[in-house]
Amino acid sequence: MNRILSIVKPYTHVIVACLYNICLSYLLLFLARVLFYAINYSYFADLSGNELWAIWRGGLSFDTAAIGYLDSLYILLMLIPLHYKENKNYQLTAKIVFICFNGVGLIMNLADAVYFQYTNRRTTASIFSEFQH
């Protein structure tokens, strides 16, 4: 047990930073969901509290999958047990990866809030077939 603790202890701050950034991703996607709801409130005004709560719970499941896809490279970069990752350039690269991937995901989520008014559905991969020509 002491050997495991001696291996994990130097990486505690990296693990905490990684968890902090993942929580930040959840918060940003939650705020995007709130903004989506606020912009498109007229479409959801007749929902009961239980129905709305079920939608929010489903959104949390969707956010978990999205964060798994968006942050998988960042998590891999942060949790690789190599000593050179303490380098400032490595940390900057990991931060850029985190910001770029989550930025694209957030922009797509926010664009979907406006796009929903025209199609009455969330954006899926089918959008690429609509604009292929």
Side-chain angles (χ1 to χ4, degrees):
M1 184 70 167
N2 286 337
R3 177 150 167 70
I4 293 172
L5 288 176
S6 66
I7 293 171
V8 172
K9 189 173 182 179
Y11 297 106
T12 311
H13 66 283
V14 175
I15 294 169
V16 169
C18 188
L19 290 174
Y20 173 80
N21 285 333
I22 290 171
C23 289
L24 181 64
S25 294
Y26 272 107
L27 177 67
L28 290 174
L29 289 176
F30 173 75
L31 292 175
R33 188 170 314 288
V34 169
L35 188 61
F36 176 87
Y37 179 72
I39 290 172
N40 299 299
Y41 176 75
S42 61
Y43 294 96
F44 304 107
D46 59 341
L47 293 177
S48 70
N50 289 335
E51 292 170 328
L52 193 58
W53 179 248
I55 290 173
W56 287 90
R57 277 196 335 258
L60 181 63
S61 298
F62 177 79
D63 290 348
T64 301
I67 288 171
Y69 292 127
L70 291 173
D71 292 338
S72 59
L73 179 59
Y74 170 75
I75 293 168
L76 181 68
L77 287 172
M78 291 299 286
L79 298 182
I80 291 176
L82 301 172
H83 294 290
Y84 67 85
K85 73 177 183 178
E86 302 300 325
N87 184 339
K88 289 208 182 272
N89 290 332
Y90 187 89
Q91 291 296 316
L92 180 64
T93 302
K95 185 184 285 187
I96 289 170
V97 166
F98 177 79
I99 290 171
C100 289
F101 281 87
N102 282 289
V104 168
L106 189 61
I107 288 169
M108 289 174 66
N109 229 336
L110 293 174
D112 200 26
V114 177
Y115 183 71
F116 180 81
Q117 298 171 3
Y118 301 106
T119 61
N120 290 334
R121 62 186 177 96
R122 297 294 303 249
T123 304
T124 61
S126 66
I127 191 171
F128 296 113
S129 65
E130 292 177 24
F131 297 110
Q132 68 185 1
H133 299 295

Practice problem: Output the distance between atom NZ (Lys95) and atom CG (Leu77), rounded to the nearest 0.5 Å. | Solution: 14.0 Å
Quiz item: Quick one: does Ile55's side chain get under 4.5 Å of Tyr37's, heavy atoms only?
Solution: no
Quiz item: Looking at CG of Leu35 and CG of Asn40, how far apart are the two atoms once the value is rounded to the nearest 0.5 Å?
Solution: 9.0 Å
Quiz item: Can you tell if the side chain of Ile67 reaches within under 4.5 Å of the side chain of Tyr74, non-hydrogen atoms only?
Solution: no
Exercise. Is it possible for you to say whether Val104 and Tyr69 belong to one hydrophobic cluster, with membership spreading through side-chain heavy-atom contacts below 4.5 Å?
Key: no
Quiz item: Out of curiosity, does Leu70 fall in the hydrophobic cluster containing Ile107 (side-chain heavy atoms, cut-off under 4.5 Å, transitive links)?
Solution: no
Self-check item: Qualifying residues under side chain to side chain donor-acceptor pair (under 3.5 Å), relative to Tyr90, sequence neighbours excluded
Solution: none
Quiz item: Considering only heavy atoms from C-beta outward, does the side chain of Ile22 approach that of Ile75 to under 4.5 Å?
Solution: yes
Quiz item: Less than 4.5 Å apart, any side-chain heavy atom of Phe62 and any of Arg33?
Solution: yes
Quiz item: Does Ile96 share a hydrophobic cluster with Leu73, counting links as ILVMFWY side-chain heavy atoms below 4.5 Å and allowing steps through other members?
Solution: no
Quiz item: Which atom pair, heavy atoms only, marks the closest approach of Ala66 to Leu29?
Solution: CB-CD1, 4.4 Å
Quiz item: Hey, does Phe30 have a side-chain heavy atom less than 4.5 Å from the side chain of Trp56?
Solution: yes
Quiz item: So if you build clusters from Ile, Leu, Val, Met, Phe, Trp, Tyr with side-chain heavy-atom gaps below 4.5 Å, do Leu52 and Phe36 land together?
Solution: yes
Quiz item: Of all residues at least two apart in sequence or in a different chain, which pass the side chain to side chain donor-acceptor pair (under 3.5 Å) check with Asn102?
Solution: Ser25, Asp71
Quiz item: Between Leu106 and Leu28, what is the shortest heavy-atom contact and its length?
Solution: CD1-O, 3.7 Å
